[in-house]
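For reference, the structure is listed below as structure tokens.
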Amino acid sequence: MEKEIKAIVLAAGKGKRMRSSMPKVLHEIFSKPLLGWVIEAIQRLGHETESIVVIGHQSHDVEEYLNDNYKYVKTTFQKDQLGTGHAVAQAVPLLSQFRGNVIITCGDTPLITTKTLKNLIRYHQETDSDLTVMTAKFDNPTGYGRIIRSSKDEVIAIIEEKDAIETQKEIKEVNTGVYCAKWAKIRHAFNELSNNNAQGEYYLTDIVKWSRKQGLKVLGYQIADNREIYGINSRENLAYATKLMKEKKIEELMASGVTIVDPSTTYISPETEIGQDTIIYPNTYINGKNKIAKFCKIGPMTHIRGNCEVGEGSKIGNFVELKNAKIAKKTNVCHLSYVGDAQIGSNVNIGAGTIFANYNSITKEKKASTLLDGVSVGSNSVIIAPVEIKQNAFVAAMSCVTKDVEESSLVMARSPQKEIKNWVKNKKGEKLNESRTENSNGKN
Ligand code: UD1
Ligand code: CA
């Protein structure tokens with residue numbers, strides 16, 4: 001089982017600089033907690049790759065989030081945060097029998113990708129390394145541990161900024177905080193770490209020196225894109241990480257043939273797939289998991305909230321919000337509409353200002369509606385779920401649809417137009433008469 005992989009994720013720290021009543025790792029990017037992004041990057045290594053998450057501050061909340069969302073996750077509790085080495089030590093008893101490789105990473109670096117973790121593991125295995133440190137280069141390496149290499153290019157030590165001398169501070173290659181270790185060999189290190197350093201902490205980074213002393217092979221795997229290990233310590237970092245995440249996604253989409261008219265005002269979650277030749281207009285926010293097909297037009301100013309599908313050639317226009325909506329081909333939802341919990345067929349036209357009323361605020365229930373192919377919904381209509389509107393039916397403008405509609409029917413669910421002839425003239429006449437009477441009564 002040498003090939004087997006497990007992960008240890010460090011998430012016990014308080015995150016003081018967030019100034020939050022919430023644990024740092026539960027702060028969100030594109031509505032997913034930082035820790036979730038990390039766990040999912042690990043899980044994509046292989047379906048059942050287990051993560052052991054070291055929790056501490058507000059551990060109850062973190063544990064609850066993990067239990068509610070992930071299957072292959074265990075937690076271990078670090079009572080006092082005595083350093084990253086001490087944190088990993090809390091996971092050692094859970095892995096005493098494990099013979100494979102362990103990835104160690106942090107819960108506050110949400111930009112790490114599965115591809116990079118795979119590359120790290122491959123490098124580690126191909127070089128038959130015992131401990132591989134993932135490194136990155138920064139023009140400004142302030143704050144990071146510096147990588148000290150031997151003449152043979154092996155890693156000799158990691159020196160924390162606070163312990164570094166001036167010449168070491170000039171080193172631009174830094175420790176990303178991600179490691180891959182032959183667990184059976186490295187796990188003994190955690191009983192032997194000391195806290196004799198500038199911060200009085202048990203440093204995880206000291207496993208490098210320990211391993212060298214045992215005659216083990218320690219290598220560094222340098223990644224090309226240093227954005228991947230961007231860590232979050234403050235709200236400013238959180239905003240910047242969101243920017244990095246969406247920029248990366250937009251770069252990938254443009255490279256695959258999607259037009260993004262204005263990358264700077266467009267937000268697209270990494271979990272959204274978009275087909276070739278689709279155009280995304282400015283000020284569009286696409287959150288969560290969605291599938292948008294080829295030749296679609298989205299935006300400007302569209303909000304897609306997740307679990308949506310938009311079929312080939314469909315248009316979703318300005319001030320339209322979609323949530324849990326499956327829309328087939330060549331359908332238009334062009335202006336000022338809310339489509340939530342709905343299935344819409346192909347060649348459907350949804351008029352401006354149409355609302356799919358899906359939520360009952362008293363029962364707190366959400367219900368879904370279905371519109372089949374060729375349906376036309378007039379402007380300002382409300383579709384109250386659950387209803388089904390069958391093929392080619394026509395809903396007159398401003399209808400409030402509360403019952404199913406048969407194929408090819410016209411439905412008018414609004415009060416009929418009433419016209420009172422000369423109503424305005426008569427009203428004005430009345431006014432005139434009133435004021436005459438008032439004057440003659442000597443008022444004014
Ligand atoms: C660490 C590395 C540094 C590296 C940097 C990359 C050490 C000693 N230093 O520094 O070389 O360049 O990461 O980002 O490892 N944590 C716990 N329990 C603890 C302490 C920390 O769970 O007792 C967790 C934190 O919640 C955090 C992670 O470990 O998720 C990293 O800790 P942090 O204090 O941020 O490490 P750095 O000082 O950034
Ligand atoms: Ca620290």
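FYI, side chains are in, hydrogens and waters are out, and symmetry mates aren't considered; it's all heavy atoms of this structure. Here, residue 1 is the first one in the sequence, and each next residue gets the next number.
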[X] vs [Y] side-chain heavy atoms within contact, under 4.5 Å:
X      : Y      : result
Ile8   : Val102 : yes
Arg17  : Asn233 : yes
Ile389 : Ile383 : yes
Glu273 : Val258 : no
Trp183 : Arg99  : no
Leu371 : Gln343 : no
Thr205 : Tyr179 : yes
Arg149 : Glu154 : no

Is a donor on one side and an acceptor on the other found under 3.5 Å between the side chain of [X] and the backbone of [Y]?
X      : Y      : result
Thr176 : Met134 : yes
Thr142 : Asn140 : no
Thr127 : Tyr123 : yes
Ser129 : Gln125 : no
Thr75  : Glu63  : no
Ser381 : Ser399 : yes
Thr331 : Gly345 : yes
Arg146 : Lys169 : yes
Thr76  : Gln90  : yes
Asn69  : Tyr65  : yes

Could you report the tightest heavy-atom contact between [X] and [Y], atom names first, then the distance?
X      : Y      : value
Tyr281 : Pro300 : CB-N, 3.3 Å
Val9   : Cys106 : CG1-C, 4.0 Å
Asn358 : Gly340 : CB-O, 3.7 Å
Thr113 : Ala41  : C-CB, 4.3 Å
Val54  : Gln78  : CG1-CB, 3.8 Å
Ala136 : Ile223 : CB-CG1, 4.0 Å

Which value, rounded to the nearest 0.5 Å, describes the distance between [X] atom [atom1] and [Y] atom [atom2]?
X      : Y      : atom1 : atom2 : value
Asn290 : Lys326 : CG    : NZ    : 8.5 Å
Ile5   : Leu117 : CD1   : CG    : 9.5 Å
Lys291 : Asn307 : NZ    : CG    : 10.5 Å

Which of parallel (below 30°), tilted (30 to 60°) and perpendicular (above 60°) describes Tyr285 and Tyr267?
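It falls in the tilted class, 30° to 60°.
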
Using only heavy-atom distances, determine whether the side chains of [X] and [Y] contain a donor-acceptor pair under 3.5 Å.
X      : Y      : result
Glu201 : His86  : no
Ser234 : Asn237 : yes
Glu173 : Thr135 : yes
Ser369 : Glu388 : no

Between Phe356 and Tyr338, ring centroids under 6.0 Å
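For Phe356 and Tyr338, the ring centres are not under 6.0 Å apart.
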
Check Lys248 with Glu252, please: is the shortest side-chain N to carboxylate O separation under 4.0 Å?
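Looking at Lys248 together with Glu252, the answer is no, because their closest N to O distance does not fall below 4.0 Å.
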
Is any NZ, NE, NH1 or NH2 atom of the basic residue among Lys367 and Asp341 found under 4.0 Å from an Asp or Glu carboxylate oxygen of the other?
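Salt bridge: no.
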
Around atom [atom1] of [X], are there more than 12 heavy atoms of other residues, nucleotides or ligands at under 6.0 Å?
X      : atom1 : result
Lys246 : NZ    : yes
Lys330 : NZ    : no
Tyr240 : OH    : no

Candidate list Ile186, Asp130, Asp206, test side chain to side chain contact (heavy atoms under 4.5 Å, CB included), partner Ser211, passing option
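The side chain to side chain contact (heavy atoms under 4.5 Å, CB included) with Ser211 is passed solely by Ile186 among Ile186, Asp130, Asp206.
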
Table please: side-chain donor-acceptor pairs of residues 347-354 below 3.5 Å, with sequence neighbours left out.
from   : atom 1 : to     : atom 2 : distance (Å)
Thr354 : OG1    : Gly351 : O      : 2.8

